[in-house]
Protein chains: 4
Amino acid sequence: MPADPARRNERSRRAILAAALELLAETGYADLTVERIAARAGVGKQTIYRWWRGKGAVILDALVDAATAGDGSVPDTGDVAADLRALIRATVAEFADPRLSATTRAITIETLSDDALAEQARDRLLRPQLDAVRSRLEAGRRVGQVRPDVDLDQVVELLFGPIYHRWLLRTGPLTEAYADGVVDLALAAITPAGLRQG
Amino acid sequence: MPADPARRNERSRRAILAAALELLAETGYADLTVERIAARAGVGKQTIYRWWRGKGAVILDALVDAATAGDGSVPDTGDVAADLRALIRATVAEFADPRLSATTRAITIETLSDDALAEQARDRLLRPQLDAVRSRLEAGRRVGQVRPDVDLDQVVELLFGPIYHRWLLRTGPLTEAYADGVVDLALAAITPAGLRQG
Amino acid sequence: MPADPARRNERSRRAILAAALELLAETGYADLTVERIAARAGVGKQTIYRWWRGKGAVILDALVDAATAGDGSVPDTGDVAADLRALIRATVAEFADPRLSATTRAITIETLSDDALAEQARDRLLRPQLDAVRSRLEAGRRVGQVRPDVDLDQVVELLFGPIYHRWLLRTGPLTEAYADGVVDLALAAITPAGLRQG
Amino acid sequence: MPADPARRNERSRRAILAAALELLAETGYADLTVERIAARAGVGKQTIYRWWRGKGAVILDALVDAATAGDGSVPDTGDVAADLRALIRATVAEFADPRLSATTRAITIETLSDDALAEQARDRLLRPQLDAVRSRLEAGRRVGQVRPDVDLDQVVELLFGPIYHRWLLRTGPLTEAYADGVVDLALAAITPAGLRQG
DNA sequence: TCATAAACGAGACGGTACGTCGTGTCTTCGG
DNA sequence: CCGAAGACACGACGTACCGTCTCGTTTATGA
C-alpha cells in the first residue's frame, strides 16, 4: 500500500531536499548516496524510499522546489533582442558556475538512465522554463520582431541547445561573449527580413 | 609498474570492446558493469583495469573504434544546404534509434561524472566529427553559400545543439521533419543576404 | 505514565494472544514479528507495546493463558510408576508435535536472550507444571514408593531434563518407547531398595 | 556458482571465527551481528556470506574449532563414579560461567530456528562429546560398574539432560553440589544391584 | 447526559541490520 | 610466466522490523 501524503512530515521532507542540494554542492554527484542524504538530513533511509523512488527523484524535487521559488517568466522590455541577450547571458552564467551546474549535472545523469524520471523532469522542471521563453517570443512575434513562419519551440531549442551542447561536451568556454554569439545567430535566424541589419 | 603495451593481447582488447557494445545494446547502461563485460568477453577483470580506467574508458574506446571505421568527412555536393540536410537527417536518425543512442547515452553519463574522460571524449570522439562539419561549412563559405562573418564553431553547435537538447530532454520527437526544421533555421542564420529567399 | 489496566480492551488482548499463537503455528518463529501480530490481530502496534515489553512477553502470556486453562495437577492413581509413565508419555508427545512445540521453541529463544522474561517464564509457566509433578512424587514418597533421601526437585529434572535435551539437540526420536525408557531409568534411581525388581 | 575452498583465505577465516567468539564473550548474543563480526575481523561482509550461511553457521564453526582443539575423550581412572563426578562437575562449571555459556546460548538460539544448522551442531559439535561419555560408560559396563541392560545413550541424556534443563530454564543454581546430586541420581539408576550401597 | 480523557487503529518516523551487488585490488593456478 | 578466474575489503543498495511518536476515532466513565 502506498504511503498517505496527509501524514507526511514536512520537516523531514525539507531536510531531505536541503541535504541533497548541500551534498551535491559540497561533494558532487559521485559522492551523493541515499545513505548520505539520510544521514545529513537526520532521517531514516526508509523515509526517503517511502516518498521517492531513489536519489534521482529527490534531486528532481529539490530542483523543482528551488525553481518554483522565483517568478519564472521572462522579462519583457519590448525589445526581444535585448531580453534574449539578458536571458541567455544569465543561463550561460548558471551553467558556468560549478555549484549551480552540479545539480543540473546530477539530474541529467539520473534522467539519462530513468525514462520515468526524464518525463517528470521535462514536465515539472524544464517545460515551465522553456514555455516562459516561448511566451516571450510569442509576444515578440505579435509586435513584428519575430518572423511569423518559424516554429517557436524550435527557436527555443536554437537558443538553449548550443548551450547544453557546449556545457555537456566541453567544446568551449561558457562566457558572456559566447552567450551573445548564440543570441546573435538565433536572432539572425528569426528576425524578419525588413528589420535585418546585415 | 604500468603495463607494457607491446605485450598487450589484441584478441582480448577486441573482445572487451565488442562485449561492451553488445551489452549496451542488449541490456542498457544500467546493467553494464565491468564484471559483466569481463564475463562476456571471456576475460579477467584485471585485464580490463590494466588497460582502462574503468567502464567509461572502455565505452569511449569502443566508440572511437567504431567511429574511426568510416571516412569521417562530410560529403560535398557543392550545395551546403543539401549536404547539411542529409547530414542532420542522418544524425537525428541515429539519436532516434534506441540501439545506437544507447552508447551515446552511456558515454554521456560517464563523461558527466569524470572530467578526464570528458576531455578524451571531446578530443578523440567528438572533435573529429564536429571538425568534419566545420570543414564542409568552410568550403561553403569559400563559395559564398555561408556568411563570412559567422563563427563556424558556433554554427556547428547551432546544428547539433538543438538535437542534443531534444534527445537529452525528450522535449519532442526526433523525426526527419524535425531535422529539416533545424537545418532551415540554421540556414536562415548563416545564408548571406543575397541568397535568401524569405 | 503507565497505562491504566482498567480501561484495557479485552477484545484486543485476546486477539493479540490468538494471533501470536496462530502465526507461530502457521509460519514459525522466524516469521513472527510484532508488526505481523498486530496486523493479524487487527490492532495497532502501540497497543502491543503498551501492554507487553515485546513479542517474547506476548508469547509468554499466550502460553500462560493456554496452560492455565486446564487443571494442572498430575493425576494420582496410587501408583507412582504408572502415573509418571502417563505423564511423560504425554509430555514427549507434546514435544514431538511440531505445532505444539513451536510455541515452546519460541519462548525458549526469547528467554535465552532476555533474563527478565526467563524469570517470568520460570515462575508463571514452568514452576506450576514442575511443582505439580513434585507434588505427585511427594505423595508417592509418603506411601513408600519413592526413596525418602532423594531431592524431589532433582528427580523432576531427571524426568524432564532428558526430554528437553533430546528435543533441543535432536539427538534422537521423541517416541513413546523413548518416554518409557526415561521413566524406567528415573524409577530405577528413586525406587526404594525393597521394591526393586532387578 | 559456489566458491572455491582451495582459494579461501585462511587468515580471514581465523579472524572471523575469533571475532565472533570475542564479540559473544564481550557483548553477548543480542549485539552479535554479521556486520560487527566483519568489522571486528577486518573483513568484508561478503567474505562471511561467501563461506557461511549466516552468523549461526559462523558460531558453530567457531565452536567446533575450539572443541576440536582438545582431546575430547573422557578420562578413565577405572572408577566410573569418580570419572562421571569429575566430568559433570566440569560441565556444570562451564554452564555456570557466563563467558563460556554465552556461546552455548548463542548456538542454541540459532539451532532453534534453523533445522539444517541444528543437524550440523548435533553431528559436528555435540555427538563427539556425547559419544566420548558413552565410551566411558561402555568401558564401565565391561568391568561390571554399569548395569548391562540400560541404553547407554539414555544414560548420557540422564546426565546432561538435567543440566541443560536447569541452565535453560533457570530452575536452580549450577553448583558443584548440584553436579554431585545429578551424578548420584544417575549412578543410582545404573549401578548393578550387587554394588549398591543404599 | 454528555465532555473529556484514555485507549485504540493506523501508520510515519529515526534507526539498525539484513543479504546482495559492484568496485578496484590482490592472489592463485593452469596452459 | 602470463592471464582467466575469482577472492578480497569496501561501501551502497533497497527491504524488513524495531520501538517511539503522532494522528484522528471510538468508548466509557465521572462531573
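For clarity, every value in this text was computed on a predicted model and none was experimentally measured. Naming: A, B, ... by sequence-line order, numbering from 1 per chain.
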When only distance counts, do a donor and an acceptor, one from the side chain of A/Q46 and one from the base of E/dC13, lie under 3.5 Å apart? no
If you take any heavy atom closer than 4.0 Å to DNA chain E, which residues from residues 48-62 of chain D end up in contact?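 Contacts with DNA chain E under 4.0 Å: D/Y49.
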[atom2] on [Y] to [atom1] on [X], rounded to 0.5 Å:
X      : Y      : atom1 : atom2 : result
A/T68  : A/L63  : OG1   : CG    : 10.0 Å
D/T47  : D/N9   : OG1   : CG    : 8.0 Å
C/L169 : D/T111 : CG    : OG1   : 7.0 Å
A/L125 : A/I59  : CG    : CD1   : 11.5 Å
A/S113 : B/L32  : OG    : CG    : 12.0 Å
C/W52  : C/R13  : CH2   : CZ    : 6.5 Å

Between atom [atom1] in [X] and atom [atom2] in [N], what is the gap in whole Å?
X     : N      : atom1 : atom2 : value
C/I16 : E/dA10 : CD1   : C1'   : 14 Å
D/R8  : F/dC8  : CZ    : C1'   : 13 Å
D/R11 : F/dA9  : CZ    : P     : 10 Å
D/D4  : E/dC26 : CG    : C1'   : 16 Å
B/L32 : E/dC21 : CG    : C1'   : 15 Å
D/Y29 : E/dA17 : OH    : P     : 13 Å

Between A/T47 and B/A30, who's closer to the 5' end of DNA chain E by nearest nucleotide? A/T47
Any ion pair linking C/R36 and C/E22 (charged N to carboxylate O, less than 4.0 Å)? no
Should the pair C/E26-C/R40 be classified as a salt bridge under the 4.0 Å nitrogen-to-oxygen rule? yes
Between C/L23 and C/D31, is a side-chain contact (heavy atoms from CB on, under 4.5 Å) present by the stated rule, with each step listed? CA-CA 8 Å; C/L23 286 171; C/D31 287 343; over 6 Å; no
Look at the side-chain N and O atoms of B/S12 and state whether any lies under 4.0 Å from the OP1 or OP2 oxygen of F/dG3. no
Check against side-chain contact (heavy atoms from CB on, under 4.5 Å), D/W51 and D/Q46: CA-CA 9 Å; D/W51 302 112; D/Q46 193 63 255; over 6 Å; no
Short of 4.0 Å, heavy atom to strand atom, which residues of residues 34-45 of chain A count as contacting DNA chain F? A/V34, A/E35, A/R36, A/K45
Taking the nucleotide of DNA chain F with the nearest heavy atom to each, does D/E10 or C/T33 sit closer to the 5' end?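 On the 5' side of the pair lies D/E10.
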Nucleotide-resolved protein contact map, nucleotides 25-31 of chain F, B/S/- at heavy-atom distance under 4.0 Å: -------
Just do the side-chain contact (heavy atoms from CB on, under 4.5 Å) check on B/R170 and A/D115 with the steps written out, would you? CA-CA 9 Å; B/R170 276 96 153 164; A/D115 284 346; 2.5 Å; yes
